[in-house]
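To start, the structure itself, in structure tokens.
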Amino acid sequence: MLECVELSKSFGGVHAVSDLTMSVPVEDIHGLVGANGSGKTTAFNLITGFLSPTKGRIFWEGRDITGRPPDAIANLGLVRTFQHANVFPGLTVRDSLFLIQLHHRKTIPTVDEMISECGLEESSSIIARDLSFGAQRRLGVALALMCEPRMLLLDEPAAGLNNLETQEMSTLLLSLSKRNVGILLIDHDMSFVMPLCVDISVMDQGSLLASGTPEEIANDERVIEKFLGSSA
């Protein structure tokens, strides 16, 4: 379980995150959604140690990880990706994965397993910067998986993808949930989030507006008014 308790972050007089309390079970796909500027990425940065909270605590599998550095948090099994594809631009897909495997000497997944699972078989010998944007996104997920996460935190994994690439990403994420890897993902595309997620948390102006199943969120009057639009 990943738990945030009254998590807050202020930048001067701006309250980017205010008293965020939420629980995310491992082995589920949980969505964190909201309009631009609602505090989603700031919350991710707090959870993964890239920012220190103004107040509040973060617990991972019962352990207080508040304020720990990003590498220590990643070593505990919380691994994130970013809004832009993070790859080694001058290395092939296979060499990129081998590099991570060498760094994580106890890693269980093999390079070939990751190439297959992430649908990169036809791209394994291609230099990362020459991949399509969708393939770069899937390579970013593959690199994160080589770190043997218990939970992946994905920041807008479908941003910039076309319809086919979005479907490929959805298929990949669903396959990961079946191998006991929890997923917490940020996105604002409800058509992408709704079919994937078991639970969804909605942020508005730094605070938690609503939390529940996709059906509950779709029928929540506060969400309809503030996020989906009053005409939904």
Taking the cut-offs as 6.0 angstrom to the six-membered ring centre and 45 degrees off its axis, would you call R129 and F88 a cation-pi pair?
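Not flagged: R129 not positioned over aromatic ring of F88.
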Pairwise side-chain contact, [X] with [Y], heavy-atom cut-off 4.5 Å (strictly under):
{"X": "E168", "Y": "L161", "answer": "no"}
{"X": "T21", "Y": "L7", "answer": "no"}
{"X": "R63", "Y": "F59", "answer": "no"}
{"X": "S23", "Y": "E3", "answer": "yes"}
{"X": "S96", "Y": "L91", "answer": "yes"}
{"X": "M114", "Y": "Q101", "answer": "no"}
{"X": "D155", "Y": "T41", "answer": "yes"}
{"X": "L97", "Y": "I115", "answer": "yes"}

Answer yes or no: are there more than 12 heavy-atom neighbours, outside E215 itself, under 6.0 Å from its atom CD?
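It does not: E215 CD has 12 such atoms or fewer within range.
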Would you check if the side chain of [X] reaches a backbone N or O of [Y] as a donor-acceptor pair within less than 3.5 Å?
{"X": "T213", "Y": "E216", "answer": "yes"}
{"X": "N75", "Y": "D71", "answer": "yes"}
{"X": "W60", "Y": "L76", "answer": "yes"}
{"X": "R80", "Y": "T48", "answer": "no"}
{"X": "E165", "Y": "N162", "answer": "yes"}
{"X": "R150", "Y": "G182", "answer": "no"}
{"X": "K55", "Y": "E6", "answer": "no"}
{"X": "Q136", "Y": "A128", "answer": "yes"}
{"X": "D130", "Y": "I126", "answer": "no"}
{"X": "S8", "Y": "D19", "answer": "yes"}

Non-hydrogen atoms of [X] and [Y] that approach each other most closely:
{"X": "I47", "Y": "I65", "answer": "O-CD1, 3.9 Å"}
{"X": "G140", "Y": "V87", "answer": "N-CG1, 4.3 Å"}
{"X": "V223", "Y": "A210", "answer": "CG2-CB, 3.7 Å"}
{"X": "I224", "Y": "A218", "answer": "CD1-O, 3.6 Å"}
{"X": "A43", "Y": "V17", "answer": "N-CG2, 3.9 Å"}
{"X": "V193", "Y": "G31", "answer": "CG1-CA, 4.5 Å"}

Quick one: do [X] and [Y] end up in the same hydrophobic cluster if we chain Ile, Leu, Val, Met, Phe, Trp and Tyr together by side-chain heavy atoms under 4.5 Å apart?
{"X": "V181", "Y": "M151", "result": "no"}
{"X": "L185", "Y": "F44", "result": "no"}
{"X": "M169", "Y": "M146", "result": "yes"}
{"X": "I100", "Y": "L153", "result": "no"}
{"X": "V5", "Y": "I58", "result": "no"}

For the [atom1] atom of [X] and the [atom2] atom of [Y], what is their distance to the nearest 0.5 Å?
{"X": "L152", "Y": "I29", "atom1": "CG", "atom2": "CD1", "result": "10.5 Å"}
{"X": "T110", "Y": "E113", "atom1": "OG1", "atom2": "CD", "result": "3.5 Å"}
{"X": "F192", "Y": "T166", "atom1": "CZ", "atom2": "OG1", "result": "7.0 Å"}
{"X": "L209", "Y": "D220", "atom1": "CG", "atom2": "CG", "result": "6.5 Å"}
{"X": "D64", "Y": "R57", "atom1": "CG", "atom2": "CZ", "result": "4.0 Å"}
{"X": "L184", "Y": "D199", "atom1": "CG", "atom2": "CG", "result": "11.0 Å"}

Between M190 and I217, does a side chain to side chain contact (heavy atoms under 4.5 Å, CB included) hold up when you go through it step by step?
CA-CA 10 Å; M190 297 301 281; I217 292 300; 4.3 Å; yes
Take L172 and C118 through the side chain to side chain contact (heavy atoms under 4.5 Å, CB included) test and state the conclusion after the steps.
CA-CA 6 Å; L172 171 58; C118 295; 3.9 Å; yes
Between L32 and V202, is a side chain to side chain contact (heavy atoms under 4.5 Å, CB included) present by the stated rule, with each step listed?
CA-CA 6 Å; L32 184 61; V202 182; over 6 Å; no
Start with the C-alpha distance between D187 and K40, add both sets of side-chain angles, then the distance that settles salt bridge (Lys or Arg N to Asp or Glu O under 4.0 Å), and finish with yes or no.
CA-CA 9 Å; D187 216 287; K40 306 183 301 295; over 6 Å; no
Assess whether salt bridge (Lys or Arg N to Asp or Glu O under 4.0 Å) is satisfied between R94 and D112, documenting all intermediate values.
CA-CA 8 Å; R94 184 175 295 278; D112 286 336; 2.7 Å; yes
Take L2 and E61 through the side chain to side chain contact (heavy atoms under 4.5 Å, CB included) test and state the conclusion after the steps.
CA-CA 6 Å; L2 170 65; E61 298 188 324; over 6 Å; no
Indicate whether the side chain of S201 and that of H30 have a donor and an acceptor atom separated by less than 3.5 Å.
yes
